[in-house]
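Throughout, a chain's letter reflects where its sequence line sits, starting with A, and its residues are numbered from 1. Predicted, not measured: the structure shown is a model, and the values here were computed from it.
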Number of protein chains: 2
Amino acid sequence: MAVHKKEEFSTKEQNLAAFAKAISHPARIAILSVLAKRNQCICGEIVEVLPLAQSTVSQHLKELKNAGLIDGETDGPRSCYCINWKAFEKFNTDFNSLFEKLKEANAKCC
Amino acid sequence: MAVHKKEEFSTKEQNLAAFAKAISHPARIAILSVLAKRNQCICGEIVEVLPLAQSTVSQHLKELKNAGLIDGETDGPRSCYCINWKAFEKFNTDFNSLFEKLKEANAKCC
DNA sequence: TTGTTTTATCGTTTTTATACGATTAATAAG
DNA sequence: CTTATTAATCGTATAAAAACGATAAAACAA
């Protein structure tokens, strides 16, 4: 049991789910929000704003980066991060292509 | 350790994260996609389409319902589900209000 | 070279999620 | 009343996520 079957779904479904997973924690929403407001930001500034330990923030940043939602590069001993807007545009497109089609129908159950 | 700190973030951040969490699994994306295409659908039809056991699908449906993304009502021994479009509109609004503002800036790191 | 600052990684613990089979509950059909 | 159909729930096993402290690595400063 507990064998994961994610790979049995379509690529589009997997991609959408992966993006959603990346933003499925309030800390990561908060990180993205800070990056959106400041355009770019070093790790330490994010740690100051969040109610989490440095190692935990670093972990969240890593997940966001792995999911492709942010880019990061080192600047001396610091790490500078910014949002990868292309990933957000892709999410919006795929999201709408799956769910927007019938919105005007506004059906109720049965 | 491993104390969860989700409650220390803003309501908006928590709501966005909760919505994202609900769609963070390809099976739930697939369920929503089926519901969007068919407008409404009984549980058994969804089970037929997905590569998962009935109990697992039922679990996913419960999560989607708890998160407010779908509505469901019983029809005899069957259960009929449909998408709650209002929840999707709210997600779109909140999502954009957090992240859309600086898109045109399109900044690169540092 | 030595020390300081900054961030990433490691190891660990606790909690949550995923998945299934088995069972239960409820309705419909005979 | 009995039986079949349908879906939800329970119990359980495994996997993944969240969080922290401690440590390591890298760059800069003294």
Side-chain angles (χ1 to χ4, degrees), chain A residues 1-9 13-14 17-18 20-31 34-35 40-67 70-82 109-110, chain B residues 1-9 13-14 17-18 20-31 34-35 40-67 70-82 109-110:
Chain A
M1 291 108 241
V3 178
H4 280 271
K5 300 200 156 182
K6 293 186 178 175
E7 61 290 341
E8 297 191 25
F9 294 89
E13 286 161 349
Q14 289 186 52
K21 191 173 167 53
I23 62 169
S24 73
H25 192 288
R28 293 195 286 271
I29 298 270
I31 290 171
V34 170
L35 290 181
Q40 59 183 32
C41 199
I42 62 172
C43 174
E45 297 175 309
I46 300 170
V47 173
E48 274 181 7
V49 175
L50 298 199
L52 296 171
Q54 178 267 322
S55 58
T56 307
V57 172
S58 197
Q59 211 170 260
H60 283 307
L61 284 166
K62 190 183 178 185
E63 284 177 65
L64 287 171
K65 200 176 175 190
N66 285 343
I70 64 175
D71 296 315
E73 52 184 46
T74 68
D75 171 30
R78 287 171 226 82
S79 287
C80 181
Y81 291 98
C82 66
C109 277
C110 303
Chain B
M1 293 106 242
V3 179
H4 279 271
K5 300 202 155 179
K6 293 185 177 174
E7 61 290 340
E8 298 191 24
F9 294 88
E13 285 161 350
Q14 289 186 53
K21 190 175 167 53
I23 62 169
S24 73
H25 192 287
R28 293 195 286 273
I29 298 269
I31 289 172
V34 171
L35 290 181
Q40 59 183 31
C41 199
I42 61 171
C43 176
E45 296 175 309
I46 301 170
V47 172
E48 274 181 9
V49 175
L50 298 200
L52 296 171
Q54 178 267 323
S55 57
T56 307
V57 172
S58 198
Q59 214 170 259
H60 283 306
L61 284 166
K62 191 183 179 186
E63 283 177 64
L64 287 170
K65 201 177 175 188
N66 286 342
I70 63 175
D71 296 315
E73 52 184 47
T74 67
D75 171 30
R78 288 172 225 83
S79 287
C80 182
Y81 291 98
C82 66
C109 276
C110 301

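Under the disulfide bond (SG atoms under 2.5 Å apart) criterion, B:Cys43 pairs with no residue, sequence neighbours left out.
Under 4.0 angstrom from either OP1 or OP2 of D:dA18 there lies at least one side-chain N or O belonging to A:Arg28. In this structure, A:Ser79 reaches the C:dA8 phosphate: one of its side-chain N or O atoms is under 4.0 Å from OP1 or OP2.
Atom CD1 in A:Ile42 sits 8.5 Å away from atom CD in A:Glu48 (nearest 0.5 Å). Atom CD1 in B:Ile70 sits 6.0 Å away from atom CG in B:Leu35 (nearest 0.5 Å). Going from atom CG of A:Asp71 over to atom SG of A:Cys82 covers 5.0 Å, rounded to the nearest 0.5 Å.
Rounded to whole angstrom, the span from the CD atom of A:Glu7 across to the C1' atom of D:dA16 amounts to 14 Å. Between the P atom of C:dT9 and the NE2 atom of A:His60 lies a distance of 15 Å, rounded to the nearest Å. In this structure, NZ of B:Lys5 is placed 16 Å from C1' of D:dA17, rounded to the nearest angstrom. Rounded to whole Å, the distance from CD on B:Glu63 to C1' on C:dA17 is 7 Å. Taking atom NE2 of B:His4 as the reference point, atom P of D:dA19 lies 6 Å away to the nearest angstrom. Atom CG of B:Asp75 and atom P of D:dT6 are 12 Å apart (whole Å). Rounded to an integer number of Å, the gap from CD of B:Glu45 to C1' of D:dT5 is 15 Å. Rounded to a whole Å, the CG atom of B:Leu61 is 16 Å from the C1' atom of C:dA17.
Side-chain contact check for B:Phe9 versus A:Leu52: some heavy-atom pair is nearer than 4.5 Å. Residues A:Lys65 and A:Tyr81 meet the side-chain proximity criterion, which asks for heavy atoms closer than 4.5 Å.
The residue A:Lys21 sits close only to the backbone: its heavy atoms come under 4.0 Å of sugar-phosphate atoms, none of a base.
The residue among A:Lys6 and A:Gly44 whose nearest nucleotide of DNA chain C is located toward the 5' end is A:Gly44.
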For residues 20-30 of chain A, tabulate all N or O donor-acceptor pairs below 3.5 Å that involve a side-chain atom, not counting sequence neighbours.
| from | atom 1 | to | atom 2 | distance (Å) |
| --- | --- | --- | --- | --- |
| A:Ser24 | OG | A:Lys21 | O | 2.7 |
| A:His25 | ND1 | A:Ala27 | N | 3.0 |
| A:Arg28 | NE | A:Ala22 | O | 2.7 |
| A:Arg28 | NH1 | A:His60 | ND1 | 2.9 |
| A:Arg28 | NH1 | A:Glu63 | OE1 | 3.2 |
| A:Arg28 | NH2 | A:Lys21 | O | 3.3 |

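Near DNA chain D, defined here as any heavy-atom distance below 4.0 Å, the residues from residues 49-59 of chain B are B:Gln54, B:Ser55, B:Ser58, listed numerically.
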